[in-house]
There are 2 protein chains.
Amino acid sequence: MAYTYDFPKADLTTDAVVFGLDLDAGRLQVLLVERGVDPFRGAWALPGGFIRQDEDLEACVRRELHEETGVEVAWLEQLYTFGAVARDPRGRVVTVAYWGIVRPDQVRLRAATDAAAAAFHDAEALPPLAFDHADIVASALQRLRGKLRWQPVGLWLLDEVFTLVELERVYAILLGQPMDRGNFRKKIRPQVEAGVLVPTGQQRKPPAGRPAALYRFDEAAWQRREAEGAAFEV
Amino acid sequence: MAYTYDFPKADLTTDAVVFGLDLDAGRLQVLLVERGVDPFRGAWALPGGFIRQDEDLEACVRRELHEETGVEVAWLEQLYTFGAVARDPRGRVVTVAYWGIVRPDQVRLRAATDAAAAAFHDAEALPPLAFDHADIVASALQRLRGKLRWQPVGLWLLDEVFTLVELERVYAILLGQPMDRGNFRKKIRPQVEAGVLVPTGQQRKPPAGRPAALYRFDEAAWQRREAEGAAFEV
DNA sequence: CCAAAAGTGTTAGTATTACACCCATGT
DNA sequence: ACATGGGTGTAATACTAACACTTTTGG
């Protein structure tokens, strides 16, 4: 073992900030677990845990997330690495934080391993969090807002087919402010022309009023456009 | 030690991508060290090394940077954490990458510890790099370009006092394209009005032509504006 | 025919771009 | 006087925001 070093090491964990977007209630939430072990037993925290030697960072966060909450999320992005010396009372623990977003009504929560419970909490009214997890959530919120205007975040939250008004509602909730219908469509139009948003020809009937045209998201077309430097602006 | 875990751990390093902006040559460079130890002995790599138990991530990267190159950089930002399982032949090593930018003519290179040499290399023509450091550099370049338009990156590269034409030249090099003088000043004007760029009343005489007004950067004023959500657009 | 919800158009204000012009200095 | 580099102004164009209007459905 010519390359081995021998001095006290820092430990490495991953944590996940999983936002939940409740389309009906129009609220943004955060997935938390109630800790079943010390330290911070009984407090709410982000799902996460120690990395194994043979797994990638993202694999680790997905495993921990699934173990502690039962949730699997389609899209996860690395957020930031938090490594303040005193952030964990167990000793020197550095954590790589990831964030993602899901529809709470499309996942089944199931607490397990060292989590006593798992639940979505309103992002505007979070309970006190363990470790420096409040900082991590704040950082994730900032990233979410920034990402929204360039990446098709809203589309990852909708069903296979959706209407433009539904898409608009998603953005209104995520940005925390109502949008102008006409202007929203103007921004979206280039995406339709580029084939990123594809009209299916089908319609969906609302409780009252004119039926809405259904669209689907052509992810491959988006990948191509993104490679060319195009953005998904709203 | 109730909270101690005992399984094979991942090791943690930090690496620094320090860009050098040569104002005279108009080139962007990257600070590299020639490795003096295995693995990759003799290859060029980013300065960096293992974290100690009692130091923050940023403290670590600054220490390693100073030890291996003699360079101290005013501003460093976390870039991304690279953790692919096989990225290091020594075993499981995860690295937290930082990036920063300096003027090569304002630092004194001095290779030491496990680096055989330290030098700036042209960003467009880097030698083959150790580990996954080529990926890290590519990622840093992307971040630099993205950051430019919102943060006063250009100002961190100038002397205490500077002219607006000098500032414009910095941006032209960083963005890789010439700028329109008039339009650049129009973008800058709000920063002058907000007190972020302060005219000193002094002038600097060029080799020929009209003397240029000197400005200084009021970092505190910028912090205030930034907190209010303002950007430093160019 | 009316209410509700989807979808379109029009206009005023603002920001961006390209380019021409003026100013201060050394030779 | 003129070359050199610093500094300002303007007109055309593109983008944005606000709001009014039209279309399609169910009762």
Side-chain angles (χ1 to χ4, degrees), chain A residues 23-24 26 145 148-150 154 158-159 161-173 175-194 196-216 229-234, chain B residues 23-24 26 148-150 154 158-159 161-173 175-194 196-216 225 229-234:
Chain A
L23 273 179
D24 300 322
R145 297 258 150 85
L148 268 190
R149 305 208 165 247
W150 305 103
L158 292 168
D159 300 311
V161 295
F162 51 87
T163 71
L164 294 189
V165 175
E166 286 167 358
L167 185 60
E168 183 198 328
R169 255 200 290 271
V170 169
Y171 278 102
I173 297 169
L175 292 171
Q177 58 183 6
M179 316 207 68
D180 181 279
R181 194 151 23 106
N183 295 335
F184 179 77
R185 294 176 113 92
K186 237 174 283 173
K187 292 260 193 142
I188 284 299
R189 200 183 311 271
Q191 306 294 341
V192 178
E193 281 157 9
V196 174
L197 293 179
V198 187
T200 63
Q202 308 290 102
Q203 294 190 328
R204 172 175 298 163
K205 287 195 198 304
R210 174 173 176 175
L214 286 170
Y215 290 77
R216 63 180 181 75
F232 195 98
E233 268 191 90
V234 293
Chain B
L23 274 179
D24 299 322
L148 268 189
R149 304 209 167 248
W150 306 101
L158 293 169
D159 301 312
V161 295
F162 50 86
T163 70
L164 294 188
V165 174
E166 285 167 359
L167 185 60
E168 182 199 328
R169 254 199 291 269
V170 169
Y171 278 102
I173 297 169
L175 292 170
Q177 59 183 8
M179 317 205 69
D180 181 280
R181 196 152 19 109
N183 296 335
F184 178 77
R185 294 176 113 91
K186 237 173 283 171
K187 293 260 190 141
I188 285 298
R189 201 182 311 268
Q191 305 294 342
V192 178
E193 279 157 11
V196 174
L197 293 179
V198 187
T200 63
Q202 308 289 101
Q203 295 190 328
R204 172 174 300 165
K205 289 195 198 304
R210 176 174 173 173
L214 286 171
Y215 290 77
R216 62 180 182 77
R225 289 210 80 205
F232 196 99
E233 268 191 270
V234 292

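Letters go in sequence order (proteins before strands), and every chain restarts at 1. This is a predicted model, so every value here is computed, not measured.
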Nearest-0.5 Å distance, CD of residue Glu168(A) to CG of residue Asn183(A): 10.0 Å
Nearest heavy atoms of Arg225(B) and Gln191(B), plus distance in Å: NH1-OE1, 3.3 Å
Position toward the 5' end of DNA chain C (nearest nucleotide), Gly182(A) or Pro206(A): Pro206(A)
Could you check how far [atom1] of [X] sits from [atom2] of [N], rounded to whole Å?
{"X": "Arg181(B)", "N": "dG9(D)", "atom1": "CZ", "atom2": "P", "value": "14 Å"}
{"X": "Phe184(A)", "N": "dT16(D)", "atom1": "CZ", "atom2": "C1'", "value": "16 Å"}
{"X": "Ile188(A)", "N": "dT16(D)", "atom1": "CD1", "atom2": "C1'", "value": "16 Å"}
{"X": "Lys186(B)", "N": "dT10(D)", "atom1": "NZ", "atom2": "C1'", "value": "8 Å"}
{"X": "Gln203(B)", "N": "dA24(C)", "atom1": "CD", "atom2": "C1'", "value": "9 Å"}
{"X": "Phe162(B)", "N": "dG6(D)", "atom1": "CZ", "atom2": "C1'", "value": "16 Å"}
{"X": "Arg189(B)", "N": "dA15(C)", "atom1": "CZ", "atom2": "P", "value": "14 Å"}
{"X": "Gln202(A)", "N": "dA6(C)", "atom1": "CD", "atom2": "P", "value": "18 Å"}

Expected output: side-chain Asp159(A) to main-chain Val161(A) donor-acceptor under 3.5 Å: no
Geometric class of the Phe184(B)/Tyr171(B) ring pair [parallel <30°, tilted 30-60°, perpendicular >60°]: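 Correct class here is tilted.
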With the side chain of [X] defined as its heavy atoms from C-beta on, choose the nearest nucleotide among [options].
{"X": "Lys205(B)", "options": "dT25(C), dG7(D), dG26(D)", "result": "dT25(C)"}
{"X": "Ala208(B)", "options": "dT4(D), dG7(C), dT25(D)", "result": "dT4(D)"}
{"X": "Asn183(A)", "options": "dG7(C), dT25(D), dA17(D)", "result": "dA17(D)"}
{"X": "Val165(A)", "options": "dT25(C), dA6(C), dT16(D)", "result": "dA6(C)"}

First of Pro207(A) and Lys187(A) reached from the 5' end of DNA chain D, by closest nucleotide: Lys187(A)
Base of dA4(C) paired with side chain of Arg210(A) (donor-acceptor, under 3.5 Å):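 Answer is no: no donor-acceptor pair is held.
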Side-chain touch Leu197(B)/Phe162(B), heavy atoms, less than 4.5 angstrom: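 Of all side-chain heavy-atom pairs linking Phe162(B) with Leu197(B), at least one is under 4.5 Å.
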N/O (side chain, Arg185(A)) to phosphate O (OP1/OP2, dG7(C)) under 4.0 Å: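 Answer yes for this pair, as a side-chain N or O of Arg185(A) is under 4.0 Å from OP1 or OP2.
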